[in-house]
Amino acid sequence: MAVFNLRAYDDHEQIVFCRDVDSGLKAIICVHNTNLGPAVGGCRMWDYNSDEGALIDALRLSRGMTYKNAMAGLKMGGGKSVIIGNSKTMKSEELFRAFGRFVEKLSGKYITAEDVGINPNDMAIVNKETNYVLGLEGKSGDPSPVTAYGVYKGIKAAAKHKFGSDDLNGRKISVQGLGHVGYYLCKHLHEEGAKLFVTDISKESIERVVNEFNATAVGIDDIYGLDVDIYAPCALGAVINDNTLPQIKASVIAGAANNQLAEDRHGDILLSKGILYAPDYVINAGGIINVSFEENYNRDAALTKVDEIYGTLTEVFEASKLSGRPTNVIADELARQRVADAKNK
């Protein structure tokens, strides 16, 4: 596999392949860009089908963190790490300590935090080997509720642009993925009076949201074709693709998942269909904003910063409308400009 020729490589500064035989650790750490500061991005644990799939996921997520941190106005670069393995069966103290030692060897160029398959307890073990960890209990803690709050504010911004009002009362919203972020997002939407249609691979997660928020459960593959106002992808990426696009009836796509577009060209198709897309790394920045306040953590200050997602998305939407170009292209250009400006200072 020619790594430098991969489309997802995108001029990464550094890629570290981590192997510890004793613990069984196989991990990849990607540092995309450090112009704005040390590369910050969570660690994902996932049972990938192939090492190449893990690398491409890590590269895409790492670049997304550069853009996310830039658009959120944070003094952080972009990076990401993935641990290859089943998060339900392969976790151990030895594995996370081994991962922590690899992070420590980067001497602060990469700072890790939790992501899919990882929880604050796991990060506490990593912290035994390195101080380059964010999102620890007793400090900023689990970023999921704040990520969800930012997505909720972003949905309101999208509704305002598309429908003329950010009032979500009575709006039909489908939520795909009911993990920590999806659950808290449903809570916000329910409290504002939205009508929820939900799905997840976990029956227990569906039942919880149905019971607590009066949601309607739908099948995994049925979520795309629902006649709703807003579709919120909150699971894994690439859900907007050649197979799903013909099914989507929603006027707005705005959710927490990373890398929602399988390919950049799918943003053009959304624009041609009149569907407003909230670029994922802009709308889901609440979690990284939250951990950026880790030192002397102040939740009110963090939430005030997260509120800025509403205005940032509005800027992207307006620029897209004026130029007739897709929102994902507009957001990428703005992010790259901020990164370039930081390098030239």
Side-chain angles (χ1 to χ4, degrees), residues 2-16 28-42 55-81 106-113 132 134 150 154 157 237 258-261 263-268 270-271 277-293 305-306 308-345:
V3 174
F4 290 103
N5 292 330
L6 286 173
R7 183 173 177 276
Y9 175 69
D10 194 55
D11 294 327
H12 268 72
E13 293 179 10
Q14 190 171 4
I15 303 170
V16 181
I28 303 170
I29 300 173
C30 295
V31 175
H32 179 248
N33 189 283
T34 56
N35 287 2
L36 286 164
V40 181
L55 173 60
I56 291 173
D57 195 35
L59 289 170
R60 293 190 72 193
L61 291 166
S62 177
R63 187 193 77 159
M65 288 307 304
T66 294
Y67 290 4
K68 180 183 297 190
N69 293 337
M71 290 297 283
L74 303 177
K75 294 180 179 179
M76 295 176 173
K80 204 78 174 185
S81 56
L106 288 170
S107 303
K109 189 173 184 180
Y110 169 69
I111 301 173
T112 192
Y132 301 119
L134 295 173
N258 287 307
N259 298 324
Q260 293 170 28
L261 302 180
E263 298 178 40
D264 290 341
R265 65 182 177 85
H266 293 127
D268 294 280
L270 289 174
L271 180 66
Y277 171 61
D280 43 41
Y281 59 80
V282 181
I283 194 172
N284 69 13
I288 195 65
I289 292 172
N290 189 57
V291 299
S292 75
F293 284 81
K305 181 69 173 174
V306 173
E308 295 177 9
I309 289 173
Y310 189 112
T312 303
L313 278 173
T314 299
E315 178 185 355
V316 171
F317 297 151
E318 291 295 339
S320 172
K321 183 178 179 180
L322 286 172
S323 67
R325 294 183 299 151
T327 55
N328 58 303
V329 172
I330 297 294
D332 284 358
E333 289 179 354
L334 288 171
R336 283 195 292 265
Q337 188 60 54
R338 292 184 182 189
V339 171
D341 289 346
K343 182 179 182 179
N344 296 329
K345 283 185 179 179

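Bear in mind that the values here come from a model prediction, so they are computed numbers and not experimental data.
- Minimum interatomic distance between G286 and I309 (heavy atoms only, all atoms of both residues): N-CD1, 3.8 Å.
- One finds a salt bridge joining K305 and E308 here, because a Lys/Arg side-chain nitrogen approaches an Asp/Glu carboxylate oxygen to under 4.0 Å.
- The main-chain N or O of N259 is found under 3.5 Å from a side-chain atom of D280 such that the two form a donor-acceptor pair.
- Annotation: side chain of V316 is in contact with side chain of M71 (closest heavy-atom distance under 4.5 Å).
- At distances below 3.5 Å, not a single donor-acceptor pair connects side-chain atoms of Y281 with backbone N or O atoms of R63.
- Shortest non-hydrogen contact noted between N328 and G267 is OD1-CA, 3.4 Å.
- Taking CD of E13 as the reference point, atom SG of C30 lies at 12.0 Å (rounded to 0.5 Å).
- Shown here for G79 and S62, the closest heavy-atom pair between the two residues is CA-OG, 3.4 Å.
- Contact between V306 and G150 at its shortest, heavy atoms only, is CG1-CA, 3.5 Å.
- Nearest heavy atom pair, residue L271 against residue G324, reads CD2-O, 3.3 Å.
- For the pair Y67 and R336, the minimum side-chain heavy-atom distance is below 4.5 Å.
- Of the possible polar contacts, one joining the N69 side chain to the M65 backbone as a donor-acceptor pair under 3.5 Å is found.
- Contact record, A39 with T34: N-CG2, 3.9 Å, taken as the closest heavy-atom pair.
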Step-by-step side chain to side chain contact (heavy atoms under 4.5 Å, CB included) determination, L334 to V282 = CA-CA 11 Å; L334 288 171; V282 181; over 6 Å; no
query = What do the steps show when you test V31 against H12 for side chain to side chain contact (heavy atoms under 4.5 Å, CB included), and what is the final call?
reply = CA-CA 6 Å; V31 175; H12 268 72; 5.8 Å; no
inquiry  = With side chain to side chain contact (heavy atoms under 4.5 Å, CB included) as the criterion, how do K80 and D57 come out once you've worked through the C-alpha distance, each side chain's angles and the decisive distance to 0.1 Å?
reply    = CA-CA 9 Å; K80 204 78 174 185; D57 195 35; over 6 Å; no
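- The NZ atom of K68 sits 9.5 Å away from the CD1 atom of I289 when rounded to the nearest 0.5 Å.
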request  = Could you walk me through whether L59 and D10 pass side chain to side chain contact (heavy atoms under 4.5 Å, CB included), step by step?
outcome  = CA-CA 8 Å; L59 289 170; D10 194 55; over 6 Å; no
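- At a threshold of 4.5 Å between non-hydrogen side-chain atoms, the residues L55 and I15 count as touching.
- No donor-acceptor pair under 3.5 Å is formed between the side chain of Y110 and the backbone N or O of Y132.
- Atom CG in L74 sits 8.0 Å away from atom CZ in F293 (nearest 0.5 Å).
- Side chain of N258 to backbone of L61: no donor-acceptor contact under 3.5 angstrom is found.
- Listed for the T327 side chain is no donor-acceptor partner under 3.5 Å among the backbone atoms of S320.
- To the nearest 0.5 angstrom, N35 atom CG is 10.0 Å from D341 atom CG.
- The CD atom of E318 sits 6.5 Å away from atom CG of L322, with the distance rounded to the nearest 0.5 Å.
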